[in-house]
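Below: one structure, written as structure tokens.
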Amino acid sequence: MNFSTSCILCPRLSTFLCEVRQAHPDYHAKPVPSFGDADARFLIVGLAPGMHGANRTGRPFTGDFAGSLLYSTLHSFGFSNSAEPLDAAGRANAELELHDCRITNAVRCLPPQNKPEPSEVKQCNVYLANEIASLPKNAAVLALGTVAHLAVLRALGLKAKDYSFGHGAEHRLPNGMMMYDSYHCSRYNTQTKRLNETMFHAVFSSVSNYLGKLSENETII
């Protein structure tokens, strides 16, 4: 099944988005497509669009605190040409481009209270499975939070008990890909000091080093 911004497979989410569109007619308020390099070797998987972030702008992690930290980190490690996800008018920055990186979510629609139900994560998983299937061999996947971690495993038909979530954890998957875990870069996690910029950068450093070694091996071959 191919992703569509017209998807209404989850009744609760579809109904909620209708209410949001009425309250905020200028918001995207539809399923949010992935963003980034179509040929990327690095896929970042978040939880779901935020009310005034991706749900407003139509681009993952764009318009809220989590996006500010994520895009500044991507820029620091060379995965983005800009650290600014928004333009001067507060819309998604049309000049921003990702390099060798793509961003998506485990659930493509805004959930009430930012809490998708297990059935909604399962329903949306077919889109994530297609996204992962499009990645090249030995790609890197970064799961931001436990829900994203479990969604990636479900998309690959793997058992959660074999791959425990933990910040900074690295998992070699049977298909040759590497999965990296990080606490979600939400405002809550940073305010409670569960996650800080140094911790977040350490995960991206690991991913960057892994992809760099792949490039070196390809050059040698």
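In this chain, residues are counted from 1 in sequence order.
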### Task
Using atom types as modelled and distance alone, determine if a side-chain donor or acceptor of Asn81 lies under 3.5 Å from a backbone N or O of Glu97.
yes
### Task
Report the C-alpha separation of Ser186 and Phe65 in whole Å, then their side-chain angles, then the decisive distance to 0.1 Å, and conclude whether the side chain to side chain contact (heavy atoms under 4.5 Å, CB included) test is met.
CA-CA 7 Å; Ser186 65; Phe65 177 85; over 6 Å; no
### Query
Rounded to the nearest 0.5 Å, how far does CG of Leu173 lie from CG of Asp162?
11.0 Å
### Query
Looking only at atom types and distance, does a side-chain atom of Ser80 sit under 3.5 Å from a main-chain N or O of Ala83, one as donor and one as acceptor?
no
### Message
Are Tyr71 and Phe61 an aromatic pair, judged by ring center distance below 6.0 Å?
### Response
no
### Query
Is there a donor-acceptor contact under 3.5 Å from the side chain of Asn55 to the main chain of Leu110?
no
### Message
With a 4.5 Å cut-off on side-chain heavy atoms, are Pro174 and Leu158 touching?
### Response
yes
### Minimum heavy-atom distance His184-Leu144, with the two atoms named
CD2-O, 3.5 Å
#### Entry: Interatomic spacing from CG in Asp100 to CG in Leu43 - rounded to 0.5 Å
11.5 Å
### Query
Ignoring hydrogens and geometry, is there a side-chain-to-backbone donor-acceptor pair from Asn105 to Val45 under 3.5 Å?
no
### Under the side chain to side chain donor-acceptor pair (under 3.5 Å) test, residues paired with His99 that sit two or more places apart
none
### Task
Kindly work out whether a path of hydrophobic side-chain contacts (I/L/V/M/F/W/Y, heavy atoms less than 4.5 Å apart) joins Leu47 to Leu13.
yes
### Query
Listed by chain and number, what are the side chain to side chain donor-acceptor pair (under 3.5 Å) partners of Thr73, not counting sequence neighbours?
His201
### Query
Does the Ser215 side chain pair with the main chain of Leu211, one donor and one acceptor, at a distance under 3.5 Å?
yes
### Message
Check for me, please, whether Phe165 and Met177 land in the same ILVMFWY cluster - side-chain distances under 4.5 Å, paths through other members count.
### Response
no
### Query
With a 4.5 Å limit on heavy-atom distance, are the side chains of Asp181 and Met179 in contact?
yes
### Message
Run Thr57 and Thr62 through side chain to side chain donor-acceptor pair (under 3.5 Å) and show every step you take.
### Response
CA-CA 6 Å; Thr57 62; Thr62 301; 4.6 Å; no
### Summary
Nearest heavy-atom contact between Ala151 and Ala106 is CB-CB, 3.7 Å
### Query
Do side-chain atoms of Asn93 reach the backbone of Pro85 as a donor and acceptor pair under 3.5 angstrom?
no
### Validation row: Asn196, Thr190 side chains within 4.5 angstrom (heavy atoms)
no
### Query
Applying the 4.5 Å side-chain criterion to the ILVMFWY set and letting contacts propagate, would Tyr180 and Tyr163 be lumped into a single cluster?
no
#### Entry: Lys30 NZ to Ser14 OG distance, which is reported to the nearest 0.5 Å
12.5 Å
### Task
Look only at the side chain of Ser76 and the backbone of Ser72, and say whether a donor-acceptor pair between them is shorter than 3.5 Å.
yes
### Query
Can the positive tip of Arg108 be found less than 6.0 Å from the middle of the six-membered ring of Phe3, inside 45° of the ring normal?
yes
### Query
Mind checking whether His167 and Met199 have side chains closer than 4.5 Å, heavy atoms only?
yes
### Message
Is any side-chain heavy atom of Tyr127 closer than 4.5 Å to one of Leu9?
### Response
yes
### Task
Quick one: pull up CZ in Phe79 and CZ in Arg41 and give me the separation to the nearest 0.5 Å.
8.0 Å
### Message
With heavy-atom distances below 4.5 Å as the criterion, would you say the side chains of Met178 and Val141 are in contact?
### Response
no
### Message
Using the rule given for salt bridge (charged side-chain N to carboxylate O under 4.0 Å, His left out), can you reason through Arg102 versus Asp37, listing the C-alpha separation, both sets of side-chain angles and the distance that settles it, and then say yes or no?
### Response
CA-CA 5 Å; Arg102 191 160 69 248; Asp37 187 343; over 6 Å; no
### CD on Glu84 to NE2 on His75, rounded to 0.5 Å
9.0 Å
### Heavy-atom closest pair, residues Ser82 and Leu96
O-CD1, 3.9 Å
### Message
Could you check whether atom CG of Asn209 has more than 12 heavy atoms from other residues, nucleotides or ligands sitting under 6.0 Å from it?
### Response
yes
### Query
Taking the side chain as C-beta and beyond, is there a heavy-atom pair between Arg194 and Tyr188 under 4.5 Å?
no
### Query
If you group Ile, Leu, Val, Met, Phe, Trp and Tyr by side-chain heavy-atom gaps below 4.5 Å, do Leu98 and Phe77 land in one group?
yes
### Query
Relative to the ring of His24, is the ring of Tyr27 parallel (under 30°), tilted (30 to 60°) or perpendicular (over 60°)?
parallel
### Summary
All heavy atoms of Pro31 vs all of Cys109, minimum pair found to be CG-SG, 3.5 Å
### Query
Is the closest side-chain heavy-atom distance between Arg12 and Pro112 below 4.5 Å?
yes
### Task
Please say whether more than 12 non-hydrogen atoms of neighbouring residues, nucleotides or ligands are located less than 6.0 Å from CD in Glu95.
no
### Task
Check the hydrophobic clustering (I, L, V, M, F, W, Y; side-chain heavy atoms under 4.5 Å; chains of links allowed) and say if Leu74 and Val203 are grouped together.
yes
#### Entry: Val20 to Ala29 - nearest heavy-atom pair and separation
CG1-CB, 4.1 Å
### Summary
Rounded to the nearest 0.5 angstrom, the OG1-CD1 distance for Thr104 and Ile44 is 10.5 Å
### Task
Measure from the side-chain N and O atoms of His171 to the backbone N and O of Ser164, and report whether any donor-acceptor pair falls under 3.5 Å.
yes
### Query
Which pair of non-hydrogen atoms, one from Pro60 and one from Ala54, has the smallest distance, and what is that distance?
CA-CB, 3.9 Å
